[in-house]
Peer 1: 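Below are the structure tokens for one structure; questions will follow.
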Protein chains: 2
Amino acid sequence: MGEPVSTPPMRSDASEAYRRYLSAVMLHGQASARACELGATDLYALNILRLSGALSPGELGGRAGLTTGPTTRLIDRLERAGYVRRVPDARDRRKVIVEPIGTPVDLDRVMAPARQKVGEILEGYTPEQLDVLFDYFDRAALAYREAAEELSAAGADTDG
Amino acid sequence: MGEPVSTPPMRSDASEAYRRYLSAVMLHGQASARACELGATDLYALNILRLSGALSPGELGGRAGLTTGPTTRLIDRLERAGYVRRVPDARDRRKVIVEPIGTPVDLDRVMAPARQKVGEILEGYTPEQLDVLFDYFDRAALAYREAAEELSAAGADTDG
DNA sequence: CATAATCTCTTCTCTTGAGAAGAGAAATCT
DNA sequence: AGATTTCTCTTCTCAAGAGAAGAGATTATG
């Protein structure tokens with residue numbers, strides 16, 4: 001997955017710190033998925049569904065960073081595992097709605113350690129400091145999305 | 001690849017913001033790789049080599065989040081593309097050293113937009129605020145690594 | 001209306017990652 | 001020294017993602 005190409009912020013070792021951080025997040029994602037006996041993408045998609053509720057395959061795949069082909073098979077796997085159900089959309093018969101209907105039994109147990117550790121870290125910050133963190137997450141997310149957009153647009157230009 | 005299972009911090013929409021952030025970072029990584037005509041993992045590995053210098057396959061694979069099998073083929077691809085060279089380690093003949101010997105021509109061009117945008121965001125913060133950010137990256141990285149460690153250890157327990 | 005253009009999902013083929021098994025080299029133990 | 005254990009990389013098989021192509025449904029246009 002897909003793995004991230006970090007864009008190093010400027011300080012001396014900042015880019016290393018940032019890279020280590022992203023790397024750790026992803027290694028944890030893989031370990032979590034393995035503990036749930038799922039692929040990392042499958043668990044990620046399940047998390048998206050838990051937070052956002054039912055989505056169409058297109059929406060789900062887009063948020064999970066998948067193209068449409070793999071998305072269909074992702075949903076196949078989740079459906080077979082009993083975590084998800086396909087429901088036809090009444091208003092647009094081209095569409096399907098993917099409803100979460102279950103959660104891996106040990107998901108909470110698996111997430112607990114990271115949740116607690118990160119929670120403790122965040123508790124150590126003042127509200128102002130937390131504002132800085134989440135302000136950064138917000139704006140950086142936008143920046144990366146825009147940058148990705150530019151790259152895709154530039155690539156589409158030069159394609160046949 | 002692998003995609004992250006975010007562990008939502010506590011605030012109301014914080015977990016959503018955090019998820020969007022990670023998602024954006026990864027989508028940008030994929031777009032960057034595509035723009036360089038490489039896989040996301042391949043470009044990530046190349047970045048690791050640029051920052052860390054020559055590494056053994058084991059080290060490289062570990063940092064890229066790959067197991068040893070795929071790592072060999074990753075290096076095969078990079079070698080075939082001319083970005084990397086395998087050199088035998090004189091002191092330990094089990095080992096190989098992977099040396100970066102080139103970089104995709106348009107890597108800088110590809111990275112420029114994100115680098116600039118993120119740079120602008122970071123310039124908007126005071127030194128104290130930047131300390132908060134990088135303090136978080138440091139500690140969160142450790143937290144996620146430890147949490148992943150616990151999961152792996154627990155999984156190894158219950159395995160045959 | 002009818003036709004064309006667009007959208008959404010699925011199917012197919014090829015590349016890439018995971019994990020098990022194995023070969024070769026080094027370290028450790030007796 | 002010889003045997004065992006450990007380490008590092010490679011090879012092999014199977015599952016998962018990328019992208020192209022296609023089927024079915026909706027919307028826009030003449």
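Each chain gets a letter, A, B and so on, in the order its sequence line appears, and its residues count up from 1.
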Peer 1: Going by heavy atoms closer than 4.0 Å, what residues in residues 95-105 of chain B are next to DNA chain D?
Peer 2: K95(B), V96(B)
Peer 1: Return the set of residues passing side-chain contact (heavy atoms from CB on, under 4.5 Å) with E37(B) (not counting sequence neighbours), or none when no residue passes.
Peer 2: none
Peer 1: In whole angstroms, how far is the P atom of dT16(C) from the CG atom of L43(B)?
Peer 2: 14 Å
Peer 1: Considering only NZ, NE, NH1 and NH2 on the basic side and carboxylate oxygens on the acidic side, decide whether E16(B) and R20(B) come within less than 4.0 Å.
Peer 2: yes
Peer 1: Show every donor-acceptor pair shorter than 3.5 Å between a side-chain atom in residues 104-113 of chain B and any protein atom, with sequence neighbours excluded, or say none if there are none.
Peer 2:
unit_1: D106(B); atom_1: OD2; unit_2: R109(B); atom_2: NH2; d: 3.3

Peer 1: Rounded to the nearest Å, what distance is computed from the CG atom of residue L74(A) to the C1' atom of nucleotide dG17(C)?
Peer 2: 16 Å
Peer 1: Find every protein N or O atom lying less than 3.5 Å from an N or O atom of nucleotides 25-29 of chain C, and list the pairs.
Peer 2:
unit_1: dA26(C); atom_1: OP1; unit_2: R93(B); atom_2: N; d: 3.2
unit_1: dA26(C); atom_1: OP1; unit_2: R93(B); atom_2: NE; d: 3.3
unit_1: dA26(C); atom_1: OP2; unit_2: R93(B); atom_2: NH2; d: 3.3

Peer 1: Round to the nearest Å and state the distance from L78(B) atom CG to dT15(C) atom P.
Peer 2: 17 Å
Peer 1: Measure from CG on L66(B) to C1' on dC9(D) and round the result to the nearest Å.
Peer 2: 14 Å
Peer 1: Could you tell me whether the side chain of V132(A) reaches within less than 4.5 Å of the side chain of Y136(B), counting heavy atoms only?
Peer 2: no
Peer 1: Are side-chain heavy atoms of R63(A) and S52(A) found at a separation under 4.5 Å?
Peer 2: yes
Peer 1: Check P100(A) against V84(A) and note the closest heavy-atom contact, atom names and distance.
Peer 2: CA-CG2, 4.1 Å
Peer 1: Please give, in whole Å, the distance from dG17(C) C1' to L27(A) CG?
Peer 2: 14 Å
Peer 1: Do T72(A) and P57(A) have side chains that get closer than 4.5 Å, going by heavy atoms?
Peer 2: no
Peer 1: Using the C1' atoms of five pairs at each end, what's the angle between the two axes of the helix from dC1(C)-dG30(D) to dT30(C)-dA1(D), to 10 degrees?
Peer 2: 20°
Peer 1: I want to check something: taking the side chain as every heavy atom from C-beta on, are D89(A) and S56(A) in contact at a cut-off of under 4.5 Å?
Peer 2: no
Peer 1: Between dT11(C) atom P and I75(A) atom CD1, what is the distance in whole Å?
Peer 2: 12 Å
Peer 1: In terms of relative ring orientation, are H28(B) and Y144(A) parallel, tilted or perpendicular, with 30° and 60° separating the classes?
Peer 2: tilted
Peer 1: Does atom CZ (R86(B)) have a neighbourhood of more than 12 heavy atoms from anything else shown, all under 6.0 Å?
Peer 2: yes
Peer 1: Look at T41(A) and dG17(D) and indicate whether a side-chain polar atom (N or O) is within less than 4.0 Å of OP1 or OP2.
Peer 2: yes
Peer 1: Measure from CD on Q30(B) to C1' on dG17(C) and round the result to the nearest Å.
Peer 2: 14 Å
Peer 1: Heavy-atom distance under 4.5 Å between the side chains of T103(B) and L46(B), does that happen here?
Peer 2: no
Peer 1: Let me know, please, whether R77(A) or G58(B) comes out on the 5' side of the other along DNA chain D by nearest nucleotide.
Peer 2: G58(B)
Peer 1: Identify the pairs formed between an N or O of the protein and an N or O of nucleotides 19-22 of chain D at a distance under 3.5 Å, and give each distance.
Peer 2:
unit_1: dG19(D); atom_1: OP1; unit_2: R34(B); atom_2: NH1; d: 3.4
unit_1: dG19(D); atom_1: OP2; unit_2: R34(B); atom_2: NH1; d: 3.3

Peer 1: What is the distance from CD of E59(A) to P of dC7(C), rounded to the nearest Å?
Peer 2: 15 Å
Peer 1: Using a 4.0 Å heavy-atom cut-off, does S56(A) contact any base of the nucleic acid, only the sugar-phosphate backbone, or nothing at all?
Peer 2: sugar-phosphate
Peer 1: How are the rings of F137(B) and Y18(A) set to each other: parallel, tilted or perpendicular (split at 30° and 60°)?
Peer 2: perpendicular
Peer 1: Is there a side-chain contact between L151(B) and S32(A), using heavy atoms and a 4.5 Å cut-off?
Peer 2: yes
Peer 1: Evaluate side chain to side chain contact (heavy atoms under 4.5 Å, CB included) for L122(B) paired with L133(B), printing each intermediate quantity in order.
Peer 2: CA-CA 10 Å; L122(B) 293 179; L133(B) 276 178; 3.9 Å; yes
